[in-house]
There are 2 protein chains.
Amino acid sequence: MITLRQMEYLVTVVEQGSFTRAAELLHVTQPALSHQMRVLERAVGAPLLERLPRSVRLTPTGRALLPHARAALADARRSLCAARQAAGLEAGELEVATLYSVSLGVLPSALRAWRQAHPDVHIRLFEHRHVDELLAAMREGQADVAVGPPPPDWDGPVRALGVEEFVVVLPTDDPVGADGGGRVDLGVLAEREWVHYAPGHGLADLVERVCAAAGFQPRASVRTEQTASAPLLAAAGLGPALVPANVLPPGFDGLVLRPDPPVRRPLTAYSRRGGDPLTTAFVDVLAREATVLPAHLRDALQP
Amino acid sequence: MITLRQMEYLVTVVEQGSFTRAAELLHVTQPALSHQMRVLERAVGAPLLERLPRSVRLTPTGRALLPHARAALADARRSLCAARQAAGLEAGELEVATLYSVSLGVLPSALRAWRQAHPDVHIRLFEHRHVDELLAAMREGQADVAVGPPPPDWDGPVRALGVEEFVVVLPTDDPVGADGGGRVDLGVLAEREWVHYAPGHGLADLVERVCAAAGFQPRASVRTEQTASAPLLAAAGLGPALVPANVLPPGFDGLVLRPDPPVRRPLTAYSRRGGDPLTTAFVDVLAREATVLPAHLRDALQP
DNA sequence: CGTTGCCATAAGCTGCTCTCATGATCACGC
DNA sequence: GCGTGATCATGAGAGCAGCTTATGGCAACG
């Protein structure tokens, strides 16, 4: 059975007159494209393309097939478009409220998937420094959906997205990393000066609460407003920082330790009751695509 | 990206009003169908089907999508049809000449694949008892393509299909099978009465030739005109038979031994020069699909 | 003649598509 | 009300398809 993908590949090769350029456009490698064209030719039973040294041209067989291939691709696009219009998903604007750290760590992958599936639905993002701010804004009707910790006394739909894990960041050569098997008792860092968050920043409260549970109040070497700065400053030697694991990029150059006991924060997507199809669809994409615990740290953080 | 298969599945479910019946028609299981409908609904972002206890009905979203799905499927079929018509592959008659044993062992799988891909191209089969007969018929222009051993002094295209392996068949409890590790020196069977082939049958010559090389002339308990009978008669105890491995069905109830030295016969597809697209396409299918060495004996027969 | 451009092929990895097994829900008949 | 049958959903596992990386072959060009 020939596939829409094969037809799309053929159309692109013909338009570009080159396997190599078509492969680039399609975001696959040339051998994959070459192979699929062969598969398609075998399904038909005759060559569709004539490979010339510096170009590619259609055979008469290929010329007969091409317009129907284009039509099939157009029909497939129209089927999706018509279905989405019927479901109210084709266009519009979706308002998303969240925390700074979430918009840095968890959201990007979900937003990427969403834009791919719904290119004409605009996203408007509201960022908040603190959990309480976020909830208050939602109660006042700020956005269609919020992404944050479970909201107390919320009467609309609440969808669990996963549990964020916090990690301690230090320079690669910090002596605390020499033993402990990738874990650290926060009490060991009681005398350090910490990379802390600015007052009113949601993670400041979390750091205070966690250190208090470990028996000390952290002194700050620096207080940052930007979640993304904290791991960089810590790796540079300004002191330990406690950050959500999901804000660390792959290949982050620093010492990453798990606090013992673990510091975790569940994340949810919550919206108002009687939500529209767009919001529902977005929450579905979030639940599927949000990178709450990034793959490159998942193995290291599991018990 | 939604696929033609998903659309085909949806159309069939809607026409049948039942996942179970649609799955039967499509020759897949119900869970596969159920899963693909879910995948499609996720790609769209909204339900397409409403599952009722004894039936299935379309949602408004599904109703919007369906006509375009039908159109895409129709365009895909037209693309294949148009391409094949341009290539001269859509209809017609193909004449195939071969040996009795080949039409029994090697050809069926290739013909099955051919009929699937080219349902409107009729096959006319000419069977011959002997290699020389086959070649003479082809020289006289009998068929479009012949399947048999390499033809001497043939001036058209010759395509190798693989090498047939011959095996000795005996009853399961024959003492020759007790040692030898699945192999047998034909000389050991010199005093036996053989299940032989009728004079003029191509395999009669081959048996005579092979036994002469082992130093004896076989006596015949029976001479059969039918290649398919030989293994059955041998397994029933009328004597050893030498048959192409590919005529043995899976689960054949008999002792199967490899002659030592091995007895092999290459097979080719040969046709006249300047052959038409249909013949070329058929030879391609043959080269890909012909079961020269069946999978269930392949491991046992390898060195 | 050497270099560059471009497609084909092989090997290996990952994700998709299927099957089988099982569970949940509903309708129907006794 | 209970048992049975029909039907779709979900989970686990196997095999296959589709991809990537590496490499080779061929033709054109300087």
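In what follows, chains carry the letters A, B, and so on, assigned in the order in which the sequence lines appear, proteins first and then strands, with residues in each chain numbered from 1. Scope of the values below: all heavy atoms of this structure, side chains included, with no hydrogens, waters or symmetry mates. Everything numeric here is computed off the predicted structure, so don't read it as measured data.
Judged by distance alone, the side chain of B:Arg21 and the main-chain N or O of B:Gln16 form a donor-acceptor pair under 3.5 Å.
No engagement by B:Ser55 is indicated, since no non-hydrogen atom pair under 4.0 Å with the nucleic acid exists. Nucleic acid contact for B:Val56: sugar-phosphate only, since backbone atoms but no base atoms lie under 4.0 Å from a heavy atom of the residue.
Rounded to a whole Å, the CD atom of A:Gln6 is 9 Å from the P atom of D:dC19. Protein atom CD of B:Glu50 is 15 Å distant from nucleotide atom C1' of D:dT7, rounded to whole Å. The CG atom of A:Leu52 sits 10 Å away from the P atom of D:dA28 (whole-angstrom rounding). Following rounding to the nearest Å, A:Gln30 (CD) and D:dA22 (P) show an atom-to-atom distance of 14 Å. Distance, B:Arg42 CZ to D:dT10 C1': 12 Å, rounded to whole Å. What separates CZ of A:Phe19 from P of D:dC26 is a distance of 18 Å, to the nearest Å. Nucleotide D:dA17 holds its P atom 18 Å from the CG atom of A:Leu4, rounded to whole Å. The interatomic distance linking A:Arg51 (CZ) with D:dG25 (P) rounds to 19 Å, in whole Å.
Under 4.0 Å is where a charged nitrogen must lie from a carboxylate oxygen, and between A:Glu41 and A:Arg38 at least one such pair does. Ion pairing of B:Arg70 with B:Glu15 is present here, as a side-chain N (NZ or NE/NH1/NH2) and a carboxylate O approach within less than 4.0 Å.
Of all nucleotides in DNA chain C, those with any atom nearer than 4.0 Å to a heavy atom of chain B start and finish, going 5' to 3', at C:dT17 to C:dA27.
Residues A:Arg54 and A:Thr29 both approach DNA chain D. Their nearest nucleotides, taken by heavy-atom distance, put A:Thr29 toward the 5′ side.
OP1 or OP2 of D:dC19 has at least one side-chain nitrogen or oxygen of A:Arg5 nearer than 4.0 Å. In terms of phosphate contacts, B:Ser34 brings no side-chain nitrogen or oxygen within less than 4.0 Å of OP1 or OP2 of D:dC8.
Rounded to the nearest 0.5 Å, atoms CH2 (B:Trp154) and CZ (B:Arg272) are 5.5 Å apart.
In this structure, A:Pro231 and A:Val169 approach most closely via the heavy-atom pair O-CG1, 3.7 Å. The heavy-atom pair separating A:His118 from B:Val44 by the smallest distance is CE1-O, 4.2 Å.
Between the side chains of A:Arg84 and A:Ser79, no donor-acceptor pair of N or O atoms lies under 3.5 Å.
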